[in-house]
Number of protein chains: 2
Amino acid sequence: MAVTDEAIEKIKGMIVSGALRPGDRLPKESELAADLGLSRNSLREAVRALSLIRILDVRQGDGTYVTSLDPQLLLEALSFVVDFHRDDTVLEFLAVRRILEPAATAMAALRISEQQLDALTAQLDKLGDDPSVEDLVACDLEFHRGIVQSSGNSVLCSLLDGLSGPTTRARIWRGLTQEDAVGRTLREHRAILAALRDRDAEAARSWATVHIASVEQWLRSTL
Amino acid sequence: MAVTDEAIEKIKGMIVSGALRPGDRLPKESELAADLGLSRNSLREAVRALSLIRILDVRQGDGTYVTSLDPQLLLEALSFVVDFHRDDTVLEFLAVRRILEPAATAMAALRISEQQLDALTAQLDKLGDDPSVEDLVACDLEFHRGIVQSSGNSVLCSLLDGLSGPTTRARIWRGLTQEDAVGRTLREHRAILAALRDRDAEAARSWATVHIASVEQWLRSTL
DNA sequence: TGAGCCTGATACGTCGGAGGTCTAAGCGAC
DNA sequence: GTCGCTTAGACCTCCGACGTATCAGGCTCA
C-alpha cells in the first residue's frame, strides 16, 4: 500500500478511535508527516483527499482541523459523487428517492411545527400561480428540503439532498417540455402541505409518492 | 480558490462533459499538469482526492484512468464516510435503513429468480440452527445483500450496503447480550425467504420491517 | 485608557527537480 | 510459438525553497 493511503488510514483511525475529536486541530503538516513517517508532500495528498470528503477542514495560515463530522456535512460529499452519473442512472436515483421522500414526508406530518408550516405556506404563496420554470424548480427543492428537515432525521435529510441534485436538470427539462407540469407541481405541493397541516401522515405519504411518481413516469416515457 | 481545487473541478468537468469517458486514460501527470497550469505536486493532490472517491483509478507504472463510474463503485465511498460516525447517529442510519430495506425486499419479491431463492435457502441451511454470533452477522449481511441485489436497483443496493456497515458492530453486540436474538434472527430470515418464494411483496415488506425494527428497538432501549 | 494599526511568527500553498519503483511492451533465445 | 529479459514510460516519494494567509501581540495615536 502506498504511503499516502497508509496516512489516510492512520488519520482515519485517529478520528474513529477518538484520539482526534471533532473540532480538534491536527499537528502541523511537517510534524504530522514526521510522526507518520512520510514526506510533507505525500501527507498533503492524504489531507487533501480527506478534505474533499469533508473529514478535515484545512485553513491556510491557521491549521488543519477535524470537521464536526455531522452526517449532513459528510453526506454533502455524496452530491459530488452523484454529479458524475449520467442520465441513464437517473431513474435509479429517482426510484430511491421515491422510497425515501414519502417516508420522510409521513414522518414530518407528525413532527412539523406550526411555524414551519407557515413558512412553507408563505413560500408557496410567494411563488405565485405562474412562476418561471427555474423559480419553480428552485422552490421545489426548497419545499421538499423544508419538509424533510422536519422529519428529524439528519441522515435522511442529507441523503435526499444528495439524491435530488441529479434529477434537478431533468425537472427543468420537464417543466420546459411538458405542458401541464408547472400547474400540476403547484397543485401537488399544496396538497402535500394540506396533509401536513392535517397531521395526516398517510395522506402526506401518498401525495409525496404521487408527486415523485409523476416525474418518474414522465422521465421513463421520455428516455 | 486553490489551484488544486481548480484542478479537481476541471477534471470533474472533463468527465461530466463527456470529454473523458469511463475507462479513458488521462494524459500523464506532467502533461496534464502543464495543461491545467499547475505543478505536478499540486495535480497529484487533486488526482489522489478523486481517486479516494473512486472517480479515478491510478495504476503505478501504467497510467491514470477514469473508473467505470458505476453507482456501485462510487457509493462505495459512502461506507468510508459512514465509518466516521459515532454511535449516537447509528439510530438515524438504522431509521433510513428501515425505510429502504423493506421497500427493496418488496421489490425483490417480484423479480428474484428461482436460482437466487435456492442460493439463499442453501445459505441459511448451511448456517445451521446454532451458529456463532460472528457467523450469524456475516450471514445476515450476505442474506440481505442477496435480496437487495434482486431488487434490480444498483443505487439502492449500494446505498444499503453502505448503511449496513455501521450497524454491524451493534448487531454483534446485540447477539452477545440479548438472549433470544440469534434464534429470532434465524426465524425472521426464514420468514422473509418464504414470503419471497410466495412472491408476496407485502408479506416480504412486513417481515423486513419487523426484522429491522427489532434491532432498532433493542438499540434504542440500550443507548 | 482604549481602539486601531503594524509586524513577526506560524502554518498552509505552490513549485521544480531528483531518484526510486512498478508495469507493459518489445525483443531475442530456445 | 513460447518464455524470459530488457527497456521505456508512468506513477511514487522525497527534498528544499519560496509564496501567501492568518493570528497574536506590541505599538502608536487619539
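By convention in this document, chain letters (A, B, ...) are assigned in the order of the sequence lines, proteins followed by strands, and residues within each chain are numbered from 1. Just so it is clear, the values below take in all heavy atoms, side chains as well, and ignore hydrogens, waters and symmetry mates. Worth saying up front: this structure is predicted, and the values here are computed from it rather than measured.
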What bend angle does the helix from dT1(C)-dA30(D) to dC30(C)-dG1(D) show across its length, from five-pair end axes and to the nearest 10 degrees?
10°
Sub-4.5 Å side-chain heavy-atom contact between E45(B) and D5(B)
no
Is there a side-chain contact between I15(A) and F84(B), using heavy atoms and a 4.5 Å cut-off?
yes
Protein-nucleotide distance (E6(A), atom CD; dC12(D), atom P), rounded to Å:
14 Å
Tightest non-hydrogen contact, residues T105(A) and L196(A), listed as O-CD2, 3.7 Å
If every non-hydrogen atom of L159(A) is compared with every non-hydrogen atom of V96(B), which pair is closest and at what distance?
CD2-CG1, 3.8 Å
Run the side-chain donor-acceptor check on residues 73-81 of chain A: report pairs under 3.5 Å with partners two or more places apart or on a different chain.
from: E76(A); atom 1: OE1; to: R54(A); atom 2: NH1; distance (Å): 2.3
from: E76(A); atom 1: OE1; to: R54(A); atom 2: NH2; distance (Å): 3.4
from: S79(A); atom 1: OG; to: E76(A); atom 2: O; distance (Å): 2.8

For A2(B) and R48(A), work out which heavy atoms get closest and say how close.
CB-NH2, 4.5 Å
Summary of protein contacts for nucleotides 5-15 of chain C, nucleotide by nucleotide, where a base hit scores B, a sugar-phosphate-only hit scores S (4.0 Å, heavy atoms)
-----BBBBBB
Counting only heavy atoms not in Q72(B) (residues, nucleotides, ligands), do more than 12 fall under 6.0 Å from its CD?
no
Interatomic spacing from CG in L100(A) to CG in L160(A) - rounded to 0.5 Å:
5.0 Å
d(CD1, I8(A); C1', dC12(D)) in whole Å:
14 Å
